[in-house]
Amino acid sequence: MRTIAFIGLGHMGAPMALNLHKAGFAVQAFDLSAAACESVASQGVTVANSAAAAVEGADVVITMLPASKHVESLYLGEGGLLGAIAGGTLLIDCSTIAPATARVVAQAAVARGLAMIDAPVSGGTAGAAAATLTFIVGGEADALEHARPVLQAMGKNTFHMGGHSAGQVAKLCNNMALGIIMAATSEALALGVAHGLDATALSQMMAVSTGRSWATEVCNPWPGVLPNAPASRGYSGGFGNDLMLKDLGLAAEAALGVGAAIPLGELARNLYALNSRAGRGGLDFSSIQRLVRSDPGMATASLNDATPPALSP
Ligand code: NAD
């Protein structure tokens, strides 16, 4: 049986570690949060008392951490894990981080004789729980083949995008398109409703027309259109606005690195930043609908109350 060290037991990491445990791998888990450790321990997963202890005797190390700085400091910081991991161990970072950081960490791992792949995921917390995640992989093909049985216990699809950090670049491209499409769908629905259209009828029409997307069919941003979408439960659960904001920031950084123009991506990043500032950072990113929604009552009131602008010569 292969032994897997799993570090980072948050919304995504905990269900992923549990699926590995259920698939028969010997999981040695660790998180800085005691509550996160207790939660997986109560479901039968062995918990180590430090990241260094978790990697002892492991064949594979998986990290699922919030952002670039966490991954960089865990592997390369003072007393970093790379120094504690035995030769021949395979490293899989599933966190969504900057491609530049993924390259630096992978190069340091390779210099120590360790194979590493970046394998950020798509599918959200529901995909993590159901073991249906999509893994978007960068790194050497043989390292991916070595990782495949482990990834298959947590997901359904694996795409090899290229060398180190290619998985992160592809993940950012996907999420940038998603962020833009969600904002565009929200705007279109708000326009229709402001003209008296029914949001459900409009969404049903769009879902079989050229405006169709995941945002119209699966995660519709208008409350009540899809009973299981976050919008229909006060935008709770799902993929947080601030995680989308983080990914759009990473896309902007990646664009700067190669001189690419991403005007819509940058606009979307600003919209999600405004949504966060309006207090919706912790809600699902489809709450961007609230930013562009024009309530007819409010619009009338503000028009009536408005002081006419002074005419300038
Ligand atoms: P989370 O904040 O719920 O969990 C991260 C966990 O990492 C926390 O429990 C934290 O205590 C732990 N941690 C941080 N530093 C650590 C360290 N040095 N050692 C051990 N544990 C440490 O985040 P999440 O929602 O699980 O997301 C994880 C990653 O997956 C992020 O990069 C995110 O962008 C990405 N992602 C999330 C989703 C989603 O729907 N939540 C979907 C796809 C991808």
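In listed order, ligands and their atoms are each counted from 1. Treat the numbers as computed from the prediction; the structure is a model and nothing was measured.
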Provide, line by line, the atom pairs where ligand 1 and the protein bring an N/O atom each to a distance under 3.5 Å; else say none.
from     : atom 1 : to   : atom 2 : distance (Å)
ligand 1 : 3 (O)  : H11  : N      : 3.0
ligand 1 : 3 (O)  : H11  : ND1    : 2.8
ligand 1 : 9 (O)  : D31  : OD1    : 3.3
ligand 1 : 9 (O)  : D31  : OD2    : 2.7
ligand 1 : 11 (O) : D31  : OD1    : 2.6
ligand 1 : 21 (N) : L32  : N      : 3.4
ligand 1 : 26 (O) : H11  : N      : 3.2
ligand 1 : 26 (O) : M12  : N      : 2.9
ligand 1 : 32 (O) : L65  : O      : 3.0
ligand 1 : 32 (O) : P66  : O      : 2.9
ligand 1 : 32 (O) : T96  : N      : 3.0
ligand 1 : 32 (O) : K246 : NZ     : 3.0
ligand 1 : 34 (O) : K246 : NZ     : 2.9

task = On the 0 to 90° scale, with breaks at 30° and 60°, tag the W214-F285 ring pair as parallel, tilted or perpendicular.
result = parallel
task = Answer whether the closest heavy-atom distance between the side chains of P221 and R293 falls below 4.5 Å.
result = no
query = Is there a side-chain contact between M12 and V121, using heavy atoms and a 4.5 Å cut-off?
reply = yes
inquiry  = For S165 and D118, which I'm curious about, is there any donor-acceptor pair between the side chains at under 3.5 Å?
reply    = no
request  = Please determine if K69 and E72 form a salt bridge, counting it only when a charged side-chain N lies under 4.0 Å from a carboxylate O.
outcome  = no
key: Side-chain donor or acceptor of K246 paired with backbone N/O of N241 under 3.5 Å   = no
